[in-house]
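The block underneath contains the structure these notes are about, expressed in structure tokens.
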2 protein chains.
Amino acid sequence: MNYQQFCNKHKPKQSELFAAFYDLFAKTIEIKNRKIAIEKLQIIIKATFKLSATQSFASMTLRQLADETHLSMGCLYAYIKNKQQLSLYIHQFLNFYAEKVLNNSPNTLNDIIKTHIYLSEILQPWFFFCFMESKNLSKDMRKFAIKSELLMENKLVTIIANGQKMGIYNALLAPETIAAHIKPLLHDWYLKRWKYRQRKISIDEFCLSTLTFISRGLTSPDSLTEHNKYDE
Amino acid sequence: MNYQQFCNKHKPKQSELFAAFYDLFAKTIEIKNRKIAIEKLQIIIKATFKLSATQSFASMTLRQLADETHLSMGCLYAYIKNKQQLSLYIHQFLNFYAEKVLNNSPNTLNDIIKTHIYLSEILQPWFFFCFMESKNLSKDMRKFAIKSELLMENKLVTIIANGQKMGIYNALLAPETIAAHIKPLLHDWYLKRWKYRQRKISIDEFCLSTLTFISRGLTSPDSLTEHNKYDE
DNA sequence: GTCTATAGCCGGATAGAC
DNA sequence: GTCTATCCGGCTATAGAC
């Protein structure tokens, strides 16, 4: 699987993405004209990402959001119940969407890692927002919001444990430990997206180097060479 | 070097830390009684960390801060010029302090990595705050604030490049790429501190597994084994 | 569906008493 | 140094016209 193949299978058109968004929350959205709602929700959420990324969601005002979307305050409130709900819906939708993709993903280590990176590329602003703004959620909601993250982590652990049992991976580190190290490597792609863009590193290059880095940590069966041993 | 040794050399008493803080900004702080100022600044900044961590700095109100510190609004304003400056000073102080320690740090790869982890342990709330709240800074200030991060990154790159030249490390990945992968591994310690605490993973265990993970990526000279090759 | 106008509150910041 | 009292601007949210 490469990025192009993943896109063919999973990359939604922007309109499809927000159609799914509307359908998920349609019951609680005042506007009943589906086509208009989808269009406006896309505008509102993209503006939310833009403003949140530069100043944080908490300090973004709905006046700014109204300006940015060229909607009035009143109109905004036809699409969202209040400011907090806007944040909540974004979290919930990403969770919903990520879980759908992860549940359909293949089960080799490389493929899961690639699936995660590719997904976070396609939905980069969503991932970034959810990572940075998880504070906005209540405790209950926070638990819900990281369901798909746990799903991902469990998949990693299972595969690594299996690989170790079969002798394919060395067992120097516990599966949970390795999984814990892998995750921040993947997060970096969407958290520091601007850095990779600036350095002109493509997603394929990033995947290659990440997988190389991880594979080497997993597969070398020999003990550490002398000068790099953890020297107390 | 282990954590205990590092602490003996670098770990400041809390009062020393905030004494350094006061001295760095004394010119711009109204309160001239050094002892009182140091004490209150410690209270104010710790409260800021607490409130920011649960709700973000932007949404923390100075009234909340006054409650948490048991100071009045007026009194608060004797220590800080305004809300934004509070955030700025925290960023500037961490940068000042980190640079001091990093410049005195030894120059082996393991020691630099350990220095960074140990430092981020001692100043965990500072590191967490600066990572999460860098948005609050103006563009100029942001550049300034990451000076010490760049210092750290450059040190990594230099050492890795050297090691590759000397044949100690494999040259599968560029030094910059490896450094880019190492950094999020280290950030995880202070960003997800609660997770490691919950799992009862000590800083020494974290260092060991991180260094193991990194070393293996660097030192195995053989090419990737078949089943883990980047199978496109 | 979208707008304007406005209610009502809360935030940052300051003045001035003690 | 620390407090109370207060200004004023800007915020979320809603009512009601179009």
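Here the structure is a predicted model, which is why all the values come from computation and not from measurement. Naming convention: chains lettered A, B, ... in sequence-line order (proteins, then strands); numbering from 1 in each chain.
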Problem set entry | Parallel, tilted or perpendicular: rings of A:Phe127 and A:His116 (30°, 60°) | perpendicular
Exercise. Got a minute to check which stems DNA chain D is part of, using Watson-Crick or G-U wobble pairs under 3.5 Å, three or more consecutive?
Worked result: C:1-18 with D:1-18
For this session: Determine whether the side chains of B:Tyr196 and B:Ser202 contain a donor N or O and an acceptor N or O closer than 3.5 Å.
Result: no
For this session: Say whether B:Ser134 and B:His91, considering side chains only, have a donor N or O and an acceptor N or O under 3.5 Å apart.
Result: no
Exercise. For every nucleotide of nucleotides 7-13 of chain C, 5' to 3': is a protein heavy atom under 4.0 Å from its base (B), only from its sugar-phosphate (S), or from neither (-)?
Worked result: ----BBB
Problem set entry | Counterpart residues, side-chain contact (heavy atoms from CB on, under 4.5 Å), relative to B:Ile80 (two or more places apart) | B:Gln85, B:Leu86
For this session: Find the distance A:Gln64:CD to D:dG9:P and express it as a whole number of Å.
Result: 18 Å
Exercise. Over how many whole Å does the gap from A:Leu71 atom CG to D:dT12 atom C1' extend?
Worked result: 17 Å
Problem set entry | Check: B:Asn82/B:Tyr77 side-chain N/O donor and acceptor closer than 3.5 Å | no
Seminar exercise, completed: Which of B:Lys11, B:Arg193, B:Arg197 passes salt bridge (Lys or Arg N to Asp or Glu O under 4.0 Å) with B:Glu121? It is B:Arg193
Exercise. In whole angstroms, how far is the P atom of D:dT2 from the CD atom of B:Glu39?
Worked result: 9 Å
Exercise. Roughly how many Å is it from CG in A:Leu65 to C1' in D:dA13, rounded to a whole number?
Worked result: 14 Å
Seminar exercise, completed: Taken to the nearest whole Å, CD1/B:Ile80 to C1'/D:dG1 is 16 Å
Exercise. If only atom types and distance count, is the side chain of A:Glu16 paired as donor or acceptor with the main-chain N or O of A:Lys13 below 3.5 Å?
Worked result: yes
Exercise. Side chains of A:Gln84 and A:Ser87: is there a donor and an acceptor less than 3.5 Å apart?
Worked result: no
For this session: Let me know the distance between CG of A:Leu76 and C1' of C:dA5, rounded to the nearest Å.
Result: 17 Å
Problem set entry | B:Thr69 (side chain) donor-acceptor with B:Ala66 (main chain) under 3.5 angstrom | yes
Problem set entry | Between C:dG1 (C1') and A:Ile38 (CD1): distance, integer Å | 15 Å
Problem set entry | Whole angstrom value for the distance that separates P of D:dG1 from NZ of B:Lys40 | 10 Å
